[in-house]
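I have placed the structure first, in the form of structure tokens, so that the comments after it can refer back to it.
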Amino acid sequence: MANEEDDPVIQEIDVYLAKSLAEKLYLFQYPVRPASMTYDDIPHLSAKIKPKQQKVELEMAIDTLNPNYCRSKGEQIALNVDGACADETSTYSSKLMDKQTFCSSQTTSNTSRYAAALYRQGELHLTPLHGILQLRPSFSYLDKADAKHREREAANEAGDSSQDEAEEDVKQITVRFSRPESEQARQRRVQSYEFLQKKHAEEPWVHLHYYGLRDSRSEHERQYLLCPGSSGVENTELVKSPSEYLMMLMPPSQEEEKDKPVAPSNVLSMAQLRTLPLADQIKILMKNVKVMPFANLMSLLGPSIDSVAVLRGIQKVAMLVQGNWVVKSDILYPKDSSSPHSGVPAEVLCRGRDFVMWKFTQSRWVVRKEVATVTKLCAEDVKDFLEHMAVVRINKGWEFVLPYDGEFIRKHPDVVQRQHMLWTGIQAKLEKVYNLVKESMPKKPDGQSGPARLVSGDQRVQVAKTKAQQNHVLLERELQRRKEQIQASSVLPGVRIKEEPVSEEGEEEEEQEVEEPMDTSPGGGLNSRLANGLPAGRAAGGDSFNGHPPPGCASSPVARELRAFVEATFQRQFVLTLSELKRLFNLHLASLPPGHTLFSGISDRMLQDTVLAAGCKQILVPFPPQTAASPDEQKVFALWESGDMSDQDCCVSYGGMWYLKGTVQS
């Protein structure tokens, strides 16, 4: 206590960690010079570096006018190195040793404990060093002088006798082929000193430009030694728990580490895991656990880890199923691996496991026989797939191992939307490979978010028969309606304008049953009750999961955005089919950032209503009865009211026919 009173705290200094130059900052240690002379005052003629070896060479000028410089010795060294005649390859072009080369060597291989500090305005900014290099004078010019001396001696001994010698006789040459190199011999050759020296010599030099201490470029680069946004922002890199801080102060000795028992190769402790990069931590955890909620993953990684970085990393190694993360198939089955049960290659295994994961996005229950029938894999492989993510229930099937995580779905709608798009692509591939037929599953009522019940095979057949009968009646009604329209239009050989009823609820419901929805809504296209963990009731209801108002409201942001897109599209192209308009709308969606209001789900009916409200009308084009055009291609819309004075005197062209506006609107 007495010592603490005698040594009070004078000042507290905030410490910041600057990482802008963390991978680029080197410390050069020059030889000792007099205090009156700094190396910045000496001209640096050239500089070059080998990045892989961290080797630097600097050429610095020598002051030949200094009274301490021996001019005769400098001339003698230049004469020994370059000889009497100077050319472009000469080391000393002035016939005087006027420069000196410094070559670097590493002082330590571990620079994690060293940093460069900059004190400014009561703040201490630290930048980790990437390397520490000591510069020492290089005497390679002496080797060059010795080589010149040996060449001159060899020339003097040979003289001019070579000119008088007769032509040499033809000699027999024996050709030998080297034996194939074994693996052990190759490893010894690769680890030899000669091979390493040759490999280091082959690395090319990268020439650098030297900037002095007072240069403007140096002043600019020196600003990177300051931590950006240091005022009022907590630096999480320096916030450590008491145990981590104690471990940094007193790291375990090497002897203690040697005494610890060696763990199996497939076991990794949490202490070892936290020394790895964040991406490797997430990959190892997901590979071992297989299925995990996001909250559990954050608790394992520690409270200091940023959740945004974890979300970015988890999407690279896992897929979202019912609000939980399931490890990707290619992580468990690498490219060159195969099944231990049947020897099936990894590509087939990944496809089968993706099918099981996709089935769990549709329902909480999966039947193993159904999976084996579709994937054509053996029972052991299918059982491995199911054991990764489900538990067996007697007389019911396999149930997904974790409950539905609605909290994650509610907090991260952008991630859910992105995962939904990925699952849509996977579903398309599975349907193509396994020849799957889209089943018409009954939708849940609004507000229901519980798991789907198990539907038996007889019930599915009955539902399919009922749906087929309903579709037959609807198709007959649609055919009769088109015949009546064609007969009515025969009075005027030109064209009729189809005015779709908006107020009649019965006809609206009939057309909605015939039309197919666009694949722009989160719940459409997958034919699912659960889309990436999102209940179908919420996806198809009035409220979108992104928190926007119902899309049908004319004053909602969704309606305004859709109206702006339709008006801009018809200003460029006056006549469009519904199929082409949907294609342009999908391209427009792909260019929008995640979380945009248009991602809340746009139906065909809403798109057509917006087109009609934007001053467009539907043209009834007389397609032949046996036409191959789809229903969306037969619906043609034209811009009728653009706000111009010539609206009543314009014509619209489609399919080689002209349609007069204003005079033939009936």
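Since this is a predicted model, take the numbers as computed values, not measurements. The first residue of the sequence shown is numbered 1, and numbering continues consecutively from there.
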Please check this pair: side chain of [X] against backbone of [Y], looking for a donor-acceptor N/O pair closer than 3.5 Å.
X	Y	result
Arg364	Phe400	yes
Thr111	Leu129	yes
Trp423	Met319	no
Gln322	Phe360	yes
Asn324	Pro403	yes
Ser339	Val344	no

Is there a side-chain contact between [X] and [Y] in this structure, where contact means two heavy atoms from C-beta onward sitting under 4.5 Å apart?
X	Y	value
Thr375	Val348	no
Tyr224	Lys24	no
Met389	Val321	no
Leu297	Val289	no
Arg353	Val326	yes
Leu377	Phe385	yes
Met292	Leu300	yes
His341	Asp384	yes

Using a 6.0 Å cut-off, check whether atom [atom1] of [X] has over 12 heavy atoms from anything other than its own residue.
X	atom1	result
Glu194	CD	no
Glu347	CD	no
Gln197	CD	yes
Lys48	NZ	yes
Tyr193	OH	no

Using 0.5 Å steps for rounding, measure from the [atom1] atom of [X] to the [atom2] atom of [Y].
X	Y	atom1	atom2	result
Asp414	Gln417	CG	CD	8.5 Å
Lys290	Asn288	NZ	CG	6.5 Å
Lys316	Met286	NZ	CE	15.0 Å
Cys350	Tyr333	SG	OH	8.0 Å
Leu246	Ser241	CG	OG	9.5 Å
Leu225	Ser20	CG	OG	9.0 Å

Please find the pair of heavy atoms, one from [X] and one from [Y], that lie closest to each other, and give the distance.
X	Y	result
Arg274	Leu301	NE-O, 4.3 Å
Asp405	Pro293	OD2-CB, 4.2 Å
Ala117	Leu126	CB-CD2, 3.5 Å
Ala346	Pro334	CB-O, 2.8 Å
Ile409	Gly323	CD1-CA, 3.9 Å
Ser104	Leu133	CB-CB, 4.0 Å

Stepwise side chain to side chain contact (heavy atoms under 4.5 Å, CB included) test for Glu123 and Cys227: CA-CA 10 Å; Glu123 298 176 349; Cys227 180; over 6 Å; no
Give the ring-plane orientation class for [X] versus [Y], where under 30° counts as parallel, over 60° as perpendicular and anything between as tilted.
X	Y	result
Phe28	Tyr26	tilted
His125	Tyr16	parallel
His412	Phe408	tilted
Phe355	Trp358	tilted

Lys328/Val317 under side chain to side chain contact (heavy atoms under 4.5 Å, CB included): CA gap, chis, key distance, verdict: CA-CA 6 Å; Lys328 289 184 177 180; Val317 298; 5.7 Å; no
Check [Y] with [X], please: is the shortest side-chain N to carboxylate O separation under 4.0 Å?
X	Y	answer
Glu203	Lys50	no
Arg217	Glu221	yes
Glu380	Lys383	no

Full working for side chain to side chain contact (heavy atoms under 4.5 Å, CB included) between Trp398 and Glu387: CA-CA 9 Å; Trp398 291 78; Glu387 287 178 346; 4.0 Å; yes
Steps toward side chain to side chain contact (heavy atoms under 4.5 Å, CB included) verdict (Phe294, Val310): CA-CA 9 Å; Phe294 185 74; Val310 177; 3.7 Å; yes
